[in-house]
Amino acid sequence: MCSRKCFRMPTLVICGVLLTIVLVCITGITLTNSINISNIVKLREKVASDSAAANGGHQAAQTRAALVEQQYSTLQQHHLSKSDLNYISAATHPRNLQRMLGTAQPQPQQQQAQQPNKIVIEIGLRSSSSSSSSSSNDSSSSNSIGGVNLMPMPHMLQAADALLEGNVDSISLPAAAPVTTPTPPTTAAATATTTAAAETTTTATAEQVLGIADHNPAGIQFERRAHVKQMMEHAWHNYKLYAWGKNELRPLSQRPHSGSIFGSYDLGATIVDGLDTLYIMGLEKEYKEGRDWIERRFSLDNISAELSVFETNIRFVGGMLTLYAFTGDPMYKEKAQHVADKLLPAFQTPTGIPYALVNTKTGMAKNYGWASGGSSILSEFGTLHLEFAYLSDITGNPLYRERVQTIRQVLKEIEKPKGLYPNFLNPKTGKWGQQHMSLGALGDSYYEYLLKAWLQSGQTDEEAREMYDDAMLAIMDKMVRISPNGLTYVSDLKFDRLEHKMDHLACFSGGLFALGAATRQNQHSDKYMEVGKGITNTCHESYIRAPTQLGPEAFRFSDAAEARALRSQEKYYILRPETFESYFVLWRLTHDQKYRDWGWQAVLALEKHCRTPHGYCGLRNVYQQEPQKDDVQQSFFLAETLKYLYLLFSDDSVLPLDEWVFNTEAHPLPIKGANIYYRKAPVALPASNAS
């Protein structure tokens with residue numbers, strides 16, 4: 001008979017096998033459940049997203065805004081801005097959006113090294129501190145900002161999570177106490193070479209914090225701004241879903257828009273154009289997605305296409321330059337220079353006036369066949385100065401500035417009929433083409449860049465300001481008129497005959513006249529401001545006289561109608577920003593509440609008529625109660641329309657107009673001498689002979 005010991009080993013083996021099988025089953029069931037739960041969560045998120053889009057999709061934004069409002073009473077007594085609740089952790093957020101609380105904005109140049117304590121707060125006081133103190137222990141154990149003692153960071157994070165999950169009703173901040181700003185750490189400039197030191201004292205480094213902040217809570221309309229931010233998220237996420245890497249989205253078709261001005265090439269126009277808007281709004285995840293795509297995929301080296309010099313410059317070069325100013329990321333500067341270099345062959349003309357189109361692979365350039373006998377267009381060759389001048393300054397290459405300065409000299413010296421600039425100029429002969437003048441299509445942004453080149457230079461480019469004043473005075477005399485019912489408009493002029501038609505594109509000029517008035521006080525200032533306000537009011541009238549509350553592409557003034565489109569080809573709306581641009585500028589300059597109210601009316605109209613479950617579309621006829629959509633989400637809707645609306649509801653300290661100038665695609669560029677983020681290339685100093 002076998003002893004009990006004989007059965008011990010087989011029994012143990014069998015038990016082990018059974019135990020292993022049980023563990024495998026449990027693991028498999030757990031993994032399956034995990035996968036199923038993950039899929040269910042994703043499905044619920046998708047359904048919730050679609051449902052929100054179909055029903056306006058505003059509940060999340062409104063909930064967040066309401067939460068901010070709930071905490072405001074606590075924050076206000078400590079002099080902290082409500083807007084500082086909107087932004088995310090300093091450890092991961094794009095640098096220029098970190099909020100600097102209880103301190104003044106960084107001062108230019110020599111004061112840049114002194115960085116005060118900083119904190120970035122998300123909704124519910126979820127925060128991450130960034131202290132200039134050399135002691136890491138201090139920053140982890142407590143936070144003292146602007147005289148306010150905050151709870152230790154781990155406790156702050158726990159409290160924030162509890163607030164967001166609904167486990168607590170509010171967070172009370174400790175009482176204020178004096179705070180001493182610690183001595184700033186030694187900067188890299190202290191031990192760098194002479195050249196590096198010179199650069200550090202004149203520009204901001206990539207590691208420094210850009211002072212975009214809302215310092216005045218009374219200057220912010222939180223719910224409206226949160227709503228615009230949600231619109232941006234809706235537009236971007238659907239572009240990413242259906243047209244990522246392509247130029248634009250067709251929301252109704254849920255596919256890329258191959259008929260855009262950049263064709264079907266994978267240039268990512270919406271990515272490059274909209275990225276600084278994401279950055280300003282604090283949409284970190286989306287910003288990183290776009291930046292990564294640009295770094296890995298964006299190039300014109302293998303694109304054999306005839307691209308518009310004007311559109312490529314304002315969207316791609318302008319967009320990259322803004323992102324470089326914001327971040328100091330050299331990748332953006334390199335990409336901007338890459339694009340500009342591809343445009344340079346277009347300047348090879350007898351006069352230096354560039355052609356309109358250039359093949360970025362072959363360098364062959366030409367003008368549009370329809371443009372008055374092969375002429376170049378004023379609003380195109382006259383809208384290069386801001387980008388090319390700034391590119392020269394940050395690269396140290398004078399070539400770009402030289403190219404646009406040649407254009408300036410041609411236009412300064414040429415005879416101008418009655419002081420006006422016709423829209424067409426022959427690049428071979430240097431002669432004007434058809435006698436058609438406009439502050440709308442074909443002319444518009446040339447005049448904008450005269451004023452803004454002066455502003456960008458720190459108001460030292462007197463030639464540009466002089467040319468602006470001369471042009472505006474001639475336009476006010478020959479083209480600005482007042483309708484029988486008191487509406488101010490700027491008419492096109494053809495062969496000395498007023499057309500009494502104004503383009504939607506000309507609606508930017510309300511802000512242009514007002515900005516000209518506010519930046520130099522002279523005998524023309526009052527008239528400039530009067531005209532600017534009048535034009536902005538007229539553009540608003542063109543909106544509210546349409547059933548959709550959105551303005552037509554062009555509108556006319558006659559005995560039969562005022563500020564209304566009369567022709568079928570003028571009744572469409574393609575998500576244009578110009579009217580909102582003037583609302584924004586006039587709000588900043590006057591603080592008249594009506595401009596914000598007008599902007600909000602437009603937001604509601606966009607949501608009602610242009611929003612779809614998969615993005616935003618233009619309208620084919622703004623005078624129909626239920627207009628047909630055009631199935632195009634323009635890249636400038638993200639770059640301009642939503643940016644201007646967001647800034648309209650923000651505090652003046654967000655991109656202040658005395659530090660930033662917006663290019664004609666709403667990409668903000670820094671003002672020289674007034675903005676530490678100008679990032680001018682260092683000038684190498686001669687080496688010292690001292691031993």
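From a predicted model like this one, the values you see are computed outputs, not experimental measurements.
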* Does S582 use its side chain to pair, donor to acceptor, with the backbone of G511 at less than 3.5 Å? -> yes
* Asked: Is a donor on one side and an acceptor on the other found under 3.5 Å between the side chain of S445 and the backbone of S379?
  -> yes
* To do: Anything under 30° is parallel, anything over 60° is perpendicular, the rest tilted; go ahead and classify W236 against W244.
  => perpendicular
* **Y447 and Y421 aromatic ring geometry - parallel, tilted or perpendicular at 30°/60° bounds** => perpendicular
* Exam field: side chain N663 to backbone G318, donor-acceptor pair closer than 3.5 Å -> no
* May I ask you to check if the distance between the SG atoms of C539 and C507 is under 2.5 Å? => yes
* Asked: Will you find, in the side chains of H257 and D631, an N or O donor that is under 3.5 Å from an N or O acceptor?
  -> no
* For the pair D477 and K418, find out whether any cationic side-chain nitrogen is under 4.0 Å from an anionic carboxylate oxygen. => no
* Just do the ring pair (Phe, Tyr, Trp, His ring centres under 6.0 Å) check on Y390 and Y400 with the steps written out, would you? => CA-CA 9 Å; Y390 184 47; Y400 310 106; over 10 Å; no
* What pair of heavy atoms forms the shortest contact from A340 to V317, and how long is it? -> N-CG2, 4.1 Å
* Counting only N and O atoms by type, is there a donor-acceptor contact under 3.5 Å from the side chain of T312 to the main-chain atoms of L307? -> no
* N359 and E306: side-chain donor and acceptor closer than 3.5 Å? -> no
* Check the angle between the aromatic planes of Y543 and H504 and answer parallel, tilted or perpendicular using the 30° and 60° thresholds. => tilted
* To do: Answer yes if the ring centres of Y573 and H609 are under 6.0 angstrom apart, and no otherwise.
  => no
* To do: Determine whether the side chains of Y489 and H500 contain a donor N or O and an acceptor N or O closer than 3.5 Å.
  => yes
* Asked: Going by an N to O cut-off under 4.0 Å, is there a salt bridge joining R291 and E295?
  -> yes
* Asked: Side chains of E463 and Q409: donor-acceptor distance under 3.5 Å anywhere?
  -> yes
* To do: State plainly whether the residues K342 and D301 are in salt-bridge range, i.e. N to O under 4.0 Å.
  => yes
* Asked: Are side-chain N/O atoms of R611 and Y616 paired as donor and acceptor at under 3.5 Å?
  -> yes
* Do the side chains of S299 and H338 get nearer than 4.5 Å, heavy atoms only? -> yes
* **Parallel, tilted or perpendicular, as decided by the 30° and 60° cut-offs, for the rings of Y528 and F513** => tilted
* Is any side-chain N of the basic residue among K501 and D503 closer than 4.0 Å to the acidic one's carboxylate O? -> yes
* Asked: Salt bridge check: are D276 and K643 linked by an N-O gap of less than 4.0 Å?
  -> yes
* Asked: How about S438 and N423: does a side-chain donor come under 3.5 Å of a side-chain acceptor?
  -> no
* Which residues satisfy the side-chain hydrogen bond (donor to acceptor under 3.5 Å, both in side chains) test with S491, sequence neighbours excluded? -> none
* Heavy-atom neighbours of K478 NZ exceed 12 at 6.0 Å -> yes
* **Pairing of R576 and E553 as salt bridge, 4.0 angstrom limit** => yes
* To do: May I ask you to decide if A389's main-chain N or O and S392's side chain share a donor-acceptor pair within less than 3.5 Å?
  => no
* Asked: Can you tell me if S376 and N367 form a side-chain donor-acceptor pair at under 3.5 Å?
  -> yes
* To do: Verify the distance criterion only: is there a donor paired with an acceptor across the side chains of Y449 and Q456 at less than 3.5 Å?
  => no
* Asked: Which of these passes ring pair (Phe, Tyr, Trp, His ring centres under 6.0 Å) with Y644: F580, F508, F662?
  -> F662
* Asked: Would you call D393 and R679 a salt bridge, taking side-chain N to carboxylate O under 4.0 Å as the test?
  -> no
* **Full working for side-chain hydrogen bond (donor to acceptor under 3.5 Å, both in side chains) between T664 and E448** => CA-CA 8 Å; T664 199; E448 176 185 2; 2.9 Å; yes
* Asked: Do the rings of F424 and H436 sit parallel, tilted or perpendicular, given the 30° and 60° boundaries?
  -> tilted
* Asked: Regarding T519 and R465, is there a side-chain donor-to-acceptor distance under 3.5 Å anywhere?
  -> yes
* Presence of salt bridge, E570 and R556, under 4.0 angstrom -> yes
* Structure fact -> In short, P577 meets T641 closest at the heavy-atom pair CB-OG1, 3.4 Å
* So, are K240 and E286 salt-bridged, with charged N and O less than 4.0 Å apart? -> no
* Check: Y677 ring centroid to F326 ring centroid under 6.0 Å -> no
* Asked: What do you reckon, are the aromatic ring centroids of F316 and F262 less than 6.0 Å apart?
  -> yes
